[in-house]
There are 2 protein chains.
Amino acid sequence: MNKTLQHIEYSEESKELARYAKALGHPVRLVILKHLSNQSCCYTGDLVDVLPLAQSTISQHLKELKDAGLIEGEVNPPKIRYCIHQESWQKAKELFDTLFKQDFGGIQCC
Amino acid sequence: MNKTLQHIEYSEESKELARYAKALGHPVRLVILKHLSNQSCCYTGDLVDVLPLAQSTISQHLKELKDAGLIEGEVNPPKIRYCIHQESWQKAKELFDTLFKQDFGGIQCC
DNA sequence: ATAGTTCATCGCAAATATACGATTAATATT
DNA sequence: AATATTAATCGTATATTTGCGATGAACTAT
């Protein structure tokens with residue numbers, strides 16, 4: 001067969017949405033975001049206190065959320081204050097809205 | 001430190017949302033869902049024709065979407081017709097809506 | 001019965017993700 | 001300068017994901 005060298009060109013939207021979805025694809029990160037939303041912001045240490053995970057592990061999850069663009073950190077020595085990244089959050093919201101806007105309910109098929 | 005044996009109890013919501021998000025966290029699967037929504041339904045073979053990936057790979061992605069509950073397959077020998085799973089799709093939509101409903105725009109912090 | 005079609009599954013390799021403890025970097029405090 | 005605090009990063013181990021080709025199962029058509 002050998003159909004491919006697997007270099008697929010995805011749309012920017014697909015890539016961006018997949019990136020957000022992937023970042024949201026772990027329960028710990030959802031808990032972190034929830035915590036962040038409750039407090040509006042919080043320090044890494046707060047999360048370390050709350051979650052039964054090593055500090056390094058939490059830091060890593062924060063990094064993934066940050067890399068995906070969903071949160072941002074403000075240095076506030078010696079702590080770091082994390083918050084939702086407004087713009088990206090809005091962008092993610094829109095992308096998911098668009099994805100789910102397809103109202104499959106109308107087209108009955110199976 | 002040894003803070004944990006890492007048995008965290010997540011809420012059902014977190015687990016379910018994470019499961020959906022994870023399934024959506026790969027561009028190929030988004031393309032598949034888009035294709036599915038365009039045609040309302042389609043056969044595995046259609047996707048194999050469209051995507052530059054091996055049949056087995058596509059089958060695997062379909063399995064993941066099915067395991068997450070986002071799609072369902074109707075046997076239509078010798079083919080299988082895949083469609084969006086209405087209920088789960090709606091449930092996912094709601095969970096994401098709830099997640100993004102938090103209007104962080106109001107609470108300025110950083 | 002035999003051969004053909006369609007798609008899932010197996011077995012494998014490579015890459016990525018997840019967790020940890022230990023270390024390092026940055027800054028504040030003494 | 002020396003110490004303490006906070007959090008990122010490094011190194012490592014294990015598990016999961018992603019991809020492939022090959023094989024197998026289910027059903028059709030000859």
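Reminder, nothing fancy here: chain letters follow the sequence lines and each chain counts from 1. All values below were derived from every heavy atom in this structure, side-chain atoms included, with hydrogens, water molecules and symmetry-related copies excluded.
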Residues which pass salt bridge (Lys or Arg N to Asp or Glu O under 4.0 Å) with A:K91, listed by chain and number, not counting sequence neighbours: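 A:K91: salt bridge (Lys or Arg N to Asp or Glu O under 4.0 Å) contacts with A:E16.
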
All salt bridge (Lys or Arg N to Asp or Glu O under 4.0 Å) counterparts of B:K15, not counting sequence neighbours: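 Residues passing salt bridge (Lys or Arg N to Asp or Glu O under 4.0 Å) with B:K15: B:E12.
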
Residues that B:F96 engages under ring-ring contact (aromatic ring centres under 6.0 Å, His included), provided they are two or more places apart: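 In terms of ring-ring contact (aromatic ring centres under 6.0 Å, His included), with neighbours along the sequence ignored, B:F96 is linked to A:F96, A:F100.
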
Could you tell me the separation between the [atom1] atom of [X] and the [atom2] atom of [N], rounded to a whole number of Å?
X: A:K63; N: C:dA25; atom1: NZ; atom2: P; value: 17 Å
X: A:N76; N: D:dT5; atom1: CG; atom2: C1'; value: 14 Å
X: A:I8; N: D:dG19; atom1: CD1; atom2: C1'; value: 11 Å
X: A:D49; N: D:dT5; atom1: CG; atom2: P; value: 14 Å
X: A:D67; N: C:dT18; atom1: CG; atom2: P; value: 13 Å

Heavy atoms under 4.0 Å is the rule here; annotate nucleotides 3-8 of chain C 5' to 3' with B where the base is hit, S where only the sugar-phosphate is, and - elsewhere. --BSBB

A:T98: side chain to side chain contact (heavy atoms under 4.5 Å, CB included) partners, not counting sequence neighbours: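 Side chain to side chain contact (heavy atoms under 4.5 Å, CB included) list for A:T98, sorted by chain: empty.
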
Please list, chain by chain and in numerical order, all residues satisfying side-chain hydrogen bond (donor to acceptor under 3.5 Å, both in side chains) with B:T44, sequence neighbours excluded.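 Checked B:T44 against side-chain hydrogen bond (donor to acceptor under 3.5 Å, both in side chains); zero matches.
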
All side-chain hydrogen bond (donor to acceptor under 3.5 Å, both in side chains) counterparts of B:H26, not counting sequence neighbours: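 Partners of B:H26 under the side-chain hydrogen bond (donor to acceptor under 3.5 Å, both in side chains) test: none.
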
Could you tell me which non-hydrogen atom of A:C42 sits nearest to which non-hydrogen atom of A:L36, and how far apart they are?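 In this case the closest contact between A:C42 and A:L36 is SG-CD1, 3.2 Å.
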
Pair up each side-chain donor or acceptor in residues 56-70 of chain B with any protein partner under 3.5 Å, not counting sequence neighbours, and list the distances.
{"from": "B:H61", "atom 1": "ND1", "to": "B:R29", "atom 2": "NH1", "distance (Å)": "2.9"}
{"from": "B:K63", "atom 1": "NZ", "to": "B:D67", "atom 2": "OD2", "distance (Å)": "3.4"}

Counting only side-chain nitrogens and oxygens, does B:T57 get under 4.0 Å of the OP1 or OP2 atom of D:dT18?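 For D:dT18, OP1/OP2 do not have a side-chain N/O of B:T57 under 4.0 Å.
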
Hey, is the side chain of B:H61 poking within less than 4.0 Å of OP1 or OP2 on D:dT17, counting only N and O atoms?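 Looking at the OP1 and OP2 atoms of D:dT17, neither is under 4.0 Å from any side-chain N or O of B:H61.
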
For DNA chain D, find the residues of residues 20-30 of chain B with a heavy-atom distance under 4.0 Å and give them by number; none if there aren't any.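 Only B:K22, B:H26, B:R29 qualify.
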
